[in-house]
2 protein chains.
Amino acid sequence: MTEISALRTRPVLPISTVMALTELTARQIRYYETQELIHPARSAGNHRLYSLTDIDALIEIREQLASGFSLADIRALRHPRRRETSDSEARRMLREELMNQGRLNPNDRHTLSQGFGFRS
Amino acid sequence: MTEISALRTRPVLPISTVMALTELTARQIRYYETQELIHPARSAGNHRLYSLTDIDALIEIREQLASGFSLADIRALRHPRRRETSDSEARRMLREELMNQGRLNPNDRHTLSQGFGFRS
DNA sequence: TCGCTGGTGTTAGCTAATCTAACACGTGCT
DNA sequence: AGCACGTGTTAGATTAGCTAACACCAGCGA
C-alpha cells in the first residue's frame with residue numbers, strides 16, 4: 001500500500017472533469033471561485049486545475065445552495081472570521097436551521113472522492 | 001454514504017491528468033492504447049477520457065516495463081487467451097520470474113486510485 | 001556486422017477545450 | 001421601481017489534445 005502523494009489535494013483535474021463529477025456548469029464553478037469559495041490552481045497555460053477536495057467542496061456548496069443558503073452564507077460557514085456573534089454560535093445556528101429543514105443528516109456525509117477509493 | 005455512481009470506472013479524466021498521475025508521456029499512453037493495453041473512452045470532441053482503473057493499469061504497465069517485460073508480454077498477461085501452454089501456467093511462470101527479480105512483492109499492490117479514497 | 005523491431009521523441013496542421021470580459025435575464029427584497 | 005444575486009450566453013483569444021508522419025536508438029537475431 002504505497003502512498004503515492006497527497007492525492008486528494010493534488011490539483012490535476014480540469015473544469016470539464018469537475019463539471020461531470022459535480023453536475024455544475026462551468027459558469028457556476030467559476031463564479032463560486034470569484035466568491036472565494038474555492039481556489040483552484042492553474043496550469044502553465046492558465047487553465048484551472050482542481051483537486052478532489054475541491055470537488056467535495058463544490059458538491060457541498062451545491063447542496064447548501066439548494067437548501068436556501070446564499071453564497072455569502074456558505075462562505076461564512078467555510079472560512080470562520082471574527083464577528084460580534086461568535087463563529088461557533090453562528091455555525092450552530094445555521095446548522096440547526098438545516099436540520100430543521102430536514103435537508104441534511106449529520107451522519108450522512110457523502111464525499112465524491114470516497115467513491116474514487118473503492119477497494120476491490 | 002451515498003454511492004454516486006461507478007466512479008472508479010467512469011471515464012472523465014483527460015490525458016493531461018493521466019500524465020501527471022502516472023508520470024508517463026502522452027506518447028507512451030497513446031502507444032499503449034495502440035497495443036491494446038488500455039481502451040479509453042472518447043469525448044464528444046474526440047478527446048480521450050480515462051478512468052481511475054485505467055490509471056492503475058498504466059502504473060502497473062509502467063512497472064512491468066521497468067521489470068523488463070515487453071508490451072506484448074504485458075498484454076498477454078492481461079488478456080488471457082487460449083494457447084498451447086495453459087494461461088494460468090504462463091501467468092505463474094512470469095510471476096515467479098518477477099518475484100525472483102525482487103521487483104514485485106505479491107502483497108504490495110498499490111493502486112493510485114486508492115489514494116483518492118482517503119477518508120477524513 | 002548488418003538490418004530489423006520495439007518503444008519513444010518530435011513536429012506539423014487541425015479541432016476541441018478553456019479563458020476572460022461583457023451583456024442579459026429572472027427572482028427576491030427594499 | 002430599483003438593486004443585488006446567481007446564472008446563461010456570446011465573442012475573441014489562447015491552450016490542450018488529436019492524427020499522421022518521420023526520426024532515433026538500444027537490443028537482438030541472421
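These values consider heavy atoms only, across backbone and side chains, with no hydrogens, waters or symmetry-generated copies. First the proteins, then the strands, lettered A, B, ... as listed; each starts at 1.
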>> Can you see if the side chain of B:T25 gets near the phosphate of C:dG9 - specifically, an N or O under 4.0 Å from OP1 or OP2?
In response: yes

> Is the phosphate of C:dT18, meaning OP1 or OP2, less than 4.0 Å from a side-chain N or O of A:S16?
Replying inline: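 The answer is yes; a side-chain N or O of A:S16 sits under 4.0 Å from OP1 or OP2.
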
>> Let me spell it out: for each of B:A44 and B:Q28, pick the nucleotide of DNA chain C with the closest heavy atom. Which residue's pick is nearer the 5' end?
In response: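 Upstream on the strand: B:Q28.
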
>> On DNA chain C, does the nearest nucleotide to B:Y32 precede the nearest nucleotide to A:R48 from the 5' side, or the other way round? Give the residue.
In response: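 Closer to the 5' end of DNA chain C: B:Y32.
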
>> A side-chain contact here means heavy atoms from C-beta on lying under 4.5 Å apart; do B:L13 and B:L49 qualify?
In response: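 B:L13 vs B:L49: side chains apart.
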
> So, do A:Y31 and A:L71 sit near enough that their side-chain heavy atoms are less than 4.5 Å apart?
Replying inline: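 Touching, per the 4.5 Å side-chain cut-off.
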
>> As a test of reading the structure: which of C:dG6, D:dT7, D:dG17 is closest to the side chain of A:Y31, going by heavy atoms?
In response: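 The answer is D:dT7, which lies nearest to the side chain.
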
Once you round it to whole Å, what is the distance between [atom2] of [N] and [atom1] of [X]?
X: A:D73; N: D:dA4; atom1: CG; atom2: P; answer: 18 Å
X: A:I15; N: C:dT20; atom1: CD1; atom2: C1'; answer: 12 Å
X: B:L71; N: C:dG7; atom1: CG; atom2: P; answer: 4 Å
X: A:E33; N: C:dC19; atom1: CD; atom2: C1'; answer: 11 Å
X: B:L13; N: D:dA16; atom1: CG; atom2: P; answer: 17 Å
X: A:F69; N: D:dG6; atom1: CZ; atom2: P; answer: 13 Å
X: B:R30; N: C:dG9; atom1: CZ; atom2: P; answer: 12 Å
X: B:R42; N: D:dA16; atom1: CZ; atom2: C1'; answer: 14 Å

> When rounded to the nearest 0.5 angstrom, what distance separates CD1 in A:I38 from CD1 in A:I29?
Replying inline: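 CD1 of A:I29 is found 7.0 Å from CD1 of A:I38.
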
> Is the side chain of A:R10 donor-acceptor paired with the backbone N or O of B:A20 at a distance under 3.5 Å, no angle test?
Replying inline: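 Looks like yes, one N/O pair under 3.5 Å.
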
>> For a quick check, tell me whether the side chain of A:R27 and the base of D:dT9 share a donor-acceptor pair closer than 3.5 Å.
In response: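 In this structure, the two groups form a donor-acceptor pair.
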
>> By nearest heavy atom, map A:A72 and B:Y50 onto DNA chain D; which one lands nearer the 5' end?
In response: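 Closer to the 5' end of DNA chain D: A:A72.
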
>> Between B:S70 and B:D73, is there a side-chain donor-acceptor contact under 3.5 Å, judged purely by atom types and distance?
In response: yes

